[in-house]
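The structure under discussion appears below in the form of structure tokens.
Bear in mind the structure is a predicted one, so any value in this text is a computation, not a measurement.
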Number of protein chains: 2
Amino acid sequence: MYLHRVMENVRHTGTAIEETLRVVGDRWSILLVRAGLRGIRRFDDFCDDLGIARPVLTERLRRLVKFGIFERVKYQDKPVRYEYRLTEAGLALSPALVALVRWSEEYSQESSSDVTLVHAPCGTELEQAFWCRSCQSTFGPNAVKGVASQLDS
Amino acid sequence: MYLHRVMENVRHTGTAIEETLRVVGDRWSILLVRAGLRGIRRFDDFCDDLGIARPVLTERLRRLVKFGIFERVKYQDKPVRYEYRLTEAGLALSPALVALVRWSEEYSQESSSDVTLVHAPCGTELEQAFWCRSCQSTFGPNAVKGVASQLDS
DNA sequence: ACCACTGAGTTCGGATTCCGAACTCAGTAT
DNA sequence: ATACTGAGTTCGGAATCCGAACTCAGTGGT
């Protein structure tokens, strides 16, 4: 393994996705985004809906706010109260969420899926694919290859 | 022992995504899948590539094998040695991974050199789409709709 | 005035999980 | 005989997670 390490000059720590997963890669964050997409905004509602422990919810929302996925908005003055709304960046996580839901439907053994995702105009159950612009064709994961981006080293 | 209580505490729990995130929703699992897609297969290579602690890697790989995302394959007899390969289900996580990578590229503040995913035959950077079989067309997340599967409640 | 209630948290102790470092074990190479 | 390899396991301490109970400002009912 040492030889392999020497030959591999590309270090894979410190990449963008690792940074992202340090924010979003836990048991709750994606579920919080999903709840946000379903219209949930208030602390106690997140708490009841997910069954997350309150101290953990506090910490998680703070982190998601810090990284721009939720924003903390005052919605009432008299007793000052805040709620949490998805930002544009938070909404932009929906493709990832959809992909995970799709995977869950197909591969999760623990059944009882809640919803099936369909193509809205026609109601057909959707499939997922990668699209190659230059080939003008869809393809599956077997035709995916990783290429190191050229930036410094 | 503690999980029992979590399982009994079924409110909105029990949906497929929650089950999935209990398997894959941690800081390492998605990164392990990504490493698998990059061709990494051996214990020490995962360890070295991700900087994950060995006991955690052991537990994580065991869980991913149990849930059918990796398989443990003997690749040598003399000293019997095993490696970990992505299954079909594991490969099928790549759309979710791609969605996260693309989100990272766009919204993550920390942006270092990463791996760009391309269409292997032609080298073009891939895009992501949903595919409707009956319409024979691709579409984006805005045209996705959720339909409740038949279920009590 | 008194009391219950609401929403958004905080505090508490205990259980679980994470970590790096060092160790094991069978087999190989020098 | 010694060193090394690959795939783990064992160890203790640090960090995180959990439910339950508490706080705090304001509101509404009697």
> Under 6.0 Å between the ring centres of B/H119 and A/F130?
Replying inline: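 They do not qualify: ring centres at least 6.0 Å apart.
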
In whole Å, what is the span from the [atom1] atom of [X] to the [atom2] atom of [N]?
{"X": "A/E59", "N": "D/dG19", "atom1": "CD", "atom2": "P", "value": "15 Å"}
{"X": "B/L50", "N": "C/dG20", "atom1": "CG", "atom2": "C1'", "value": "16 Å"}
{"X": "A/D45", "N": "C/dA8", "atom1": "CG", "atom2": "P", "value": "8 Å"}
{"X": "A/I52", "N": "C/dG9", "atom1": "CD1", "atom2": "C1'", "value": "13 Å"}
{"X": "A/L57", "N": "C/dG7", "atom1": "CG", "atom2": "P", "value": "15 Å"}
{"X": "B/D44", "N": "D/dT9", "atom1": "CG", "atom2": "P", "value": "13 Å"}
{"X": "B/E83", "N": "D/dG8", "atom1": "CD", "atom2": "C1'", "value": "16 Å"}
{"X": "B/Q76", "N": "C/dT28", "atom1": "CD", "atom2": "P", "value": "8 Å"}

> Are A/Y84 and A/R41 linked by a side-chain donor-acceptor pair shorter than 3.5 Å?
Replying inline: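 Short answer, no.
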
> In a check of side-chain contact (heavy atoms from CB on, under 4.5 Å) between A/L32 and each of A/L57, A/D49, A/L37, which one passes?
Replying inline: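 When side-chain contact (heavy atoms from CB on, under 4.5 Å) is applied between A/L32 and each of A/L57, A/D49, A/L37, only A/L57 qualifies.
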
Short side-chain N/O contact from [X] to OP1 or OP2 of [N], under 4.0 Å:
{"X": "A/R60", "N": "D/dC17", "result": "yes"}
{"X": "A/R27", "N": "D/dC18", "result": "yes"}
{"X": "B/Y84", "N": "D/dG8", "result": "yes"}

> So what does A/R72 hit on the nucleic acid, given a heavy-atom distance under 4.0 Å: a base, only sugar-phosphate, or nothing?
Replying inline: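 Sugar-phosphate contact only - A/R72 comes under 4.0 Å of backbone atoms but never of a base.
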
> When we call it a touch if two heavy atoms are under 4.0 Å apart, what does B/F46 touch: a base, just sugar-phosphate, or nothing?
Replying inline: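 The answer is nothing, as B/F46 stays clear of every strand by at least 4.0 Å.
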
> Start at the 5' end of DNA chain D and walk down; is the nucleotide closest to B/Y75 or to B/P55 reached first?
Replying inline: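 Comparing both residues, the 5'-ward one is B/Y75.
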
Among the nucleotides [options], which one has an atom lying closest to any side-chain atom of [X]?
{"X": "B/R81", "options": "D/dT5, C/dA8, C/dG9", "answer": "D/dT5"}
{"X": "A/R54", "options": "C/dA8, D/dA7, D/dG26", "answer": "C/dA8"}
{"X": "A/R62", "options": "D/dA7, D/dG26, C/dT10", "answer": "C/dT10"}
{"X": "A/T58", "options": "D/dC17, C/dT10, D/dT27", "answer": "C/dT10"}
{"X": "A/W28", "options": "D/dC18, C/dA8, D/dT5", "answer": "D/dC18"}

>> I'd like to know if B/R42 reaches the base of D/dG6 with its side chain such that a donor and an acceptor end up less than 3.5 angstrom apart.
In response: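 A donor-acceptor contact between them is absent.
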
>> With side chain to side chain contact (heavy atoms under 4.5 Å, CB included) as the criterion, how do A/L64 and A/V23 come out once you've worked through the C-alpha distance, each side chain's angles and the decisive distance to 0.1 Å?
In response: CA-CA 7 Å; A/L64 292 171; A/V23 177; 4.2 Å; yes

>> Tell me whether A/Q76 at atom CD has more than 12 heavy atoms from other residues, nucleotides or ligands lying less than 6.0 Å away.
In response: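 More than 12 heavy atoms, drawn from other residues, nucleotides or ligands, come within 6.0 Å of this atom.
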
